Every structure is written in structure tokens, then in C-alpha cells.
2 protein chains.
Amino acid sequence: MALEHAILVSLLEQPGSGYELAHRFDRSIGRFWTATHQQIYRVLARMGTDGWITAEQVGQYGRPDKRRWSVTGTGHAVLTDWLREEVQPEAVRHELAVKVRGAAFTDRAGRVALLVEVARYRADHEAVLARYLAGERRDFPGGVPGDDRAALQHVVLRGGIAYERMVLAWLDDVLATLRGLDH
Amino acid sequence: MALEHAILVSLLEQPGSGYELAHRFDRSIGRFWTATHQQIYRVLARMGTDGWITAEQVGQYGRPDKRRWSVTGTGHAVLTDWLREEVQPEAVRHELAVKVRGAAFTDRAGRVALLVEVARYRADHEAVLARYLAGERRDFPGGVPGDDRAALQHVVLRGGIAYERMVLAWLDDVLATLRGLDH
DNA sequence: CCGATCATGTAATGTGTTACATGATTGG
DNA sequence: CCAATCATGTAACACATTACATGATCGG
């Protein structure tokens, strides 16, 4: 219901090709909305025919041509309307929580395997946190807010940082709990 | 990829009908995996034909008959195999974060509307936290762990509590940021 | 010359959502 | 008698994922 809107925000921040958008959805935007390039191309095509965005053909020397999409007046209006709608409760899908409860129904070897996997998963999240903190130092040095756009991007990044810190603390709790089970 | 597994865990904890499962997915399991009754019935049927679960017809006086599903040996084996697989990175979909960044492209009135909506959303999360804490007092009084299953259920609940506290703190940050923008 | 990057897509399948559909009992 | 709860499903559609497909240039 909102990939369109995430794309509108991203193109308003910076016009670009489907390929570039796919990369942003792997990096900055992907922190809070994921999408693959296949999804993005399909939705861009629909948004184009609906008049929310327009493409400008950009010839590049030694590169395939690309289409630089930017948001039209209609697209901007669609976004402002959407911003006024209620925020829907998030659909939660936390696989690890299912596995932790499932650990009650496996043997000692299975629990040890889960413990190892949780430790690996924890390392992934530690790396994500490190990336966020590096991005924060790079893009928001000194903690002084620039313009409104930067202030809003920064508060979203702080959300990502807070999320990762919470996850790491919880994973420590999970590890301690798994270690404390009767074997 | 894992609604089946969430259902296996839930049925191992307690056999029950599709209707009952739908309710659990509205309450306890729904904290970390959401599903509607239509999805659940479809998946239950497939799991039944695959031999992961079996139904026992339960006649009830003054109620429609129901099918009490329970997990077979095959189903249990499917679950233990799945527990050994890698945990996939979660697909993040955080609509509010998109809206916050989108707020850079709307006018003062739109930002005020968003502020009001964030406050409402915050109240929802405060209510969820209160429910979790009440559930914790009810199901895990004194903080003394019972058996393994209770210890695992409790650590998952603590994760939900930590998540809600993190969200509330971040929403305060968002509210302060929105109030601090140049108008 | 080979792998990475740039750039765009189609096709098939799987999953999720919304709407529709039925019918009984219990409690107010 | 009416709304809520128990109980089960189908059908249509929307959305997401995975696999397949192409073809150019740049750097080592």
C-alpha cells in the first residue's frame, strides 16, 4: 500500500532511475522500507502511466541510457494526501521470536544450534548499528540541525539506531535465557 | 515462508481449531507474527494434506463442530529442521518513517496534521505496552522462571516490551523534532 | 578475458488482503 | 429480536519473491 509513497519521497529528495532507486532501497530508504528492483520497475511504470512521475531520457557515454524519474504536481498532491491519512499498525513478522518459542520443542542439540545462530544474527545487527553510527557521523556532524529535511532524516536515522540497540540488548537476553535452560 | 512454522509452534503449545488460532494470532502470537483467519484456514488445509498436522472432529453442544488440529511426528520434524536454518533478515516496513521523511515536502498544516497523528499512534503503542506489562504480571509473577517453555515465552514477551518502550521513546523524539521545525 | 557495475525488464509462483458467504447459539 | 460470538470457508485481487533474460562498459 505504500511502496508508491516511499518512491515519491525518495524521488522528491533526489530524482533518479529505477536502478538508482533499487540501490537506495538497499541503503538509506531500505532501513524502513524494503523493495527489490523488480517491484520498483513495475511500480514506476504504473506511477508513470498514472501521471505521478515523469521520465526524462538521459543519454550517457559508455553506459546504457537511463530514465531519470521525477515527481509531477499530481504525484506531490498524492503524497500530501497520503501524509494526512492514519498510520496503519505495522504488520509484525519476527521470525526469530517464533524460533525462540519453538526451541521449547526441540532437543539439546537443536538449542545449541539456535544459540550459535542467534550469536551470528547478533553480529549482523552489530554491523548494521556500526553502519548507522558511521552514517550519522558523516551526514550529521556536530549534532547541529541543518534544514528541515536534514532534521527529519536525522530523526528517522536515530530511530534506526535506537531499534538496533534495542535488538542487541534483547539478543543478549535471549542468549542468556537459552544458556540458562535445563539441559 | 514461516506462517506454517508459527502455526506448528502454536499447535505444539496447545492444539486447537482454525478459529482459535486466528484469535491467538490476534493476541499472543500476533506480537511477532500476524495472520488473518483466511490465511490460517488456507495454510491449515495444506498442512493437513501434507501430513504435518491432523484434525480430530470435536462435537460441541450448542456450538458448531470444530476441528482440533494437532501436530504429527512429520510436523514436529519439519519444525526441528526449520529451527536449524539461518534466520533471515527481517523485511522492514515502517510506514511512519516514510511519512516523517515525507513531511519535508508538505506545508505547515500538513505537518501539524502529522504531529496529531503521531500523538494518536503513540497512544496506541502506550496501550500495547500496558497490555504486555499486565500479561507479564499475570503469566510470570515474581520473575521466577517455571519450566523451559515459560522461560522462552517470557524472553519473547520481554522483547515485545523492549520494542514498545523503544518505539515510545522514539515517537517522543519525532514529536520534538516536528515541533522544532521552521514554520 | 572475466567479474563487477550499470540499466531494464518479463514470467511464474507464492503470499497476503478484502470482500463475500453461511449458519448456529447465547445474552441482553 | 438483535448484536455478538463461535466456526468455517471461497473468490478475486493485489502484492512480493524468485528465477530468468539481455547487453553494454570498465578495471584488473
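All of these numbers come straight from a predicted model, not from anything done at the bench.
- The aromatic rings of A:Tyr163 and B:Tyr163 sit perpendicular to each other, their planes meeting at more than 60°, with 30° as the lower class boundary.
- Contact between the side-chain N/O atoms of A:Arg93 and the OP1/OP2 oxygens of C:dG16 is found at a separation under 4.0 Å.
- Listed nucleotides D:dA16, C:dT8, C:dT17 differ in distance to B:Thr36; the shortest reach to its side chain belongs to C:dT17.
- Rounded to an integer number of Å, the gap from B:Gln39 CD to D:dC15 C1' is 12 Å.
- Under the 3.5 Å distance criterion, the side-chain polar atoms of B:Arg111 are matched with a main-chain donor or acceptor of B:Ala103.
- Using five terminal pairs a side, the axes of the helix from C:dC1-D:dG28 to C:dG28-D:dC1 at its two ends make an angle of 30°, given in steps of 10 degrees.
- If you take CH2 of B:Trp69 and P of D:dT8, they are 10 Å apart, rounded to a whole angstrom.
- Between B:Val43 and A:His37, the residue anchored nearer the 5' end of DNA chain C, judged by the nucleotide with its closest heavy atom, is A:His37.
- What separates CE of A:Met47 from C1' of D:dC15 is a distance of 15 Å, to the nearest Å.
- Taking atom CH2 of B:Trp33 as the reference point, atom C1' of C:dT15 lies 11 Å away to the nearest angstrom.
- Remark: P of C:dT15 and CD of B:Gln88 are 14 Å apart, rounded to the nearest angstrom.
- For A:Tyr41, the side-chain atoms get nearest to C:dT8 when compared with the rest of D:dA16, D:dT8, C:dT8.
- Both B:Val128 and B:Leu157 are assigned to one and the same hydrophobic cluster, defined by single-linkage of ILVMFWY side chains at heavy-atom distances under 4.5 Å.
- In this structure, the CD1 atom of A:Ile40 is 12 Å from the C1' atom of C:dT8, given to the nearest Å.
- In the hydrophobic cluster analysis, where Ile, Leu, Val, Met, Phe, Trp and Tyr join through side-chain heavy atoms closer than 4.5 angstrom, A:Val155 is grouped together with A:Leu12.
- Ring geometry, B:His154 versus B:Phe140: the interplanar angle falls under 30°, so the pair is classed parallel (tilted spans 30 to 60°).
- One atom, NE2 of B:His23, and another, C1' of D:dT5, lie 8 Å apart when rounded to the nearest Å.
- Residue B:Gln38 places no side-chain N or O under 4.0 Å from the OP1 or OP2 atom of C:dT18.
- The nearest heavy atom of DNA chain C to A:Ala91 and to A:Arg68 marks one nucleotide each, and the one closer to the 5' end goes with A:Arg68.
- Ring geometry for A:His23 versus A:Tyr19: interplanar angle of 30 to 60°, hence tilted.
- B:Arg67 has a side-chain polar atom (N or O) that falls below the 4.0 Å cut-off from OP1 or OP2 of D:dG9.
- Side-chain N/O atoms of B:Tyr19 include one lying less than 4.0 angstrom from OP1 or OP2 on D:dC6.
- Annotation: B:Trp170 is not in aromatic contact with B:His125 [ring centroid separation under 6.0 Å not met].
- Protein atom CZ of A:Arg42 is 14 Å distant from nucleotide atom P of C:dA12, rounded to whole Å.
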